[in-house]
Structures are given as structure tokens and as C-alpha cells.
Amino acid sequence: MIDYIYARVVSINADSIIMDLHGVGFKVFVPTPSMFNVSEKAKVHTCLHLKDDELVLFGFPSPEEKSLFLIMQKVSGIGPKGALTILRHLSCKQFYHAVMQDDVPVLTTVPGIGPKLARRIILELKEKISSQKSSFLTLENKQDSLANVWGNVAEALQGL
């Protein structure tokens, strides 16, 4: 298993990035390719998935997102692409709150998830993700703090 890749991003596609690691290009499907910049190094936490006759690499900016991705696939009817779509449309915190509060309408905002599948997600994952509550909320707090720091930096630069 490839736990993570730290390499230079050479291409950004609609649903993936290409990372060059010592001359080998890895295509990594990610929830938000726009968060990466071409020619910059990035670290993505990865999951290798065997699909029919090919290997598919999925990547995430944090171990917590990767963990949630793996947990989501335990729900009948959600595969890797479905889990990635959920992470593309909902943050870890939003997903956690939707499941814990039985919020079917929030889950149905994700393309491909109807009320029936949303209820199944809540039923099958409520107990599993409640045990990991602290890691998902800690991740969101870190991301919120980082966003505040960048906002302060931007304000300071504009002031100059």
C-alpha cells in the first residue's frame, strides 16, 4: 500500500492530479484538485484501489479525510468514486454533523445520493464515525485556523 506521496504536481485535471516522483507520474484522484498548484510539491495521503484490471490511486490532504473515505466505503452502495464525490461536496465536519443529526437533506445535496442511500449512510455509519468524532472535528478546527491565518496575512498585505 502507498500511504502517502510527496511529489511535485505537474498537471491538474477535473478530478485528479498528476504527481511526478523521480520521473514516475502518478495519477491521483482527489476531492478538490483546485487546492493544488502546478510545479509545487504536495503531500497527499493515498489509498490504492484495485478496480477490475487496473490500480487506482485516491489522495487526500489529511489522514482524517483518508480515514473518512475508507469508512464511507463500508456502506453498501458506496464505492471509492462515490466516497470521493461526497468529500468533494461536503467537508468532514459537514458529513459528520449530517450523519450524527440524521440530516438526510444535507446528504442528498451530493449528486448520486438519494433519500434511501442517505438514510442507509446514517444507519450504517453513525456509530462508526461517533467513535472518531474528535479526529474529524480537530481536522476542521485546524483548517479553520489556517484559513484565519491566511485571511489575516491577506489583510496585512492589502494594508501595505
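Quantities reported herein were computed from a predicted structural model and do not represent experimental measurements.
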Is [Y] close to [X] at the side-chain level, that is, under 4.5 Å between some pair of heavy atoms?
| X | Y | result |
| --- | --- | --- |
| V9 | E40 | no |
| I78 | I86 | yes |
| P80 | V56 | no |
| I129 | M100 | yes |
| M72 | L87 | yes |

Please find the pair of heavy atoms, one from [X] and one from [Y], that lie closest to each other, and give the distance.
| X | Y | answer |
| --- | --- | --- |
| T108 | G114 | CG2-C, 3.6 Å |
| A14 | P33 | O-CG, 3.4 Å |
| D20 | G23 | OD1-N, 2.9 Å |
| V106 | A98 | CG1-CB, 3.8 Å |

Hey, any chance [X] and [Y] share a hydrophobic cluster, counting ILVMFWY side chains that come within less than 4.5 Å of each other, even indirectly?
| X | Y | value |
| --- | --- | --- |
| L55 | L84 | no |
| I5 | I12 | yes |
| V24 | V44 | yes |
| L21 | I18 | no |
| Y96 | L123 | no |

For the pair F95 and L107, evaluate side-chain contact (heavy atoms from CB on, under 4.5 Å) and give the outcome as yes or no after the intermediate values. CA-CA 8 Å; F95 182 80; L107 293 174; 3.8 Å; yes
Which distance, rounded to the nearest 0.5 Å, do you find between the [atom1] of [X] and the [atom2] of [Y]?
| X | Y | atom1 | atom2 | value |
| --- | --- | --- | --- | --- |
| L57 | L48 | CG | CG | 6.0 Å |
| I121 | D102 | CD1 | CG | 12.5 Å |
| F36 | M19 | CZ | CE | 6.5 Å |
| K128 | L68 | NZ | CG | 12.0 Å |
| F69 | H45 | CZ | NE2 | 14.5 Å |
| F58 | K27 | CZ | NZ | 11.0 Å |

Should V38 and V10 be marked as a side-chain contact (heavy atoms from CB on, under 4.5 Å) after you check the CA-CA gap, both sets of side-chain angles, and the distance that decides it?
CA-CA 5 Å; V38 173; V10 294; 5.7 Å; no
Would you say [X]'s side chain and [Y]'s backbone share a donor-acceptor pair under 3.5 angstrom?
| X | Y | value |
| --- | --- | --- |
| R88 | V30 | yes |
| R120 | V75 | no |
| E65 | S62 | no |
| T46 | I2 | yes |
| T85 | K81 | yes |

Face-on cation placement of K66 at F60 ring, 6.0 Å and 45° thresholds: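 No, K66 does not sit over the ring of F60.
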Tell me whether K126 at atom NZ has more than 12 heavy atoms from other residues, nucleotides or ligands lying less than 6.0 Å away.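 Enclosed.
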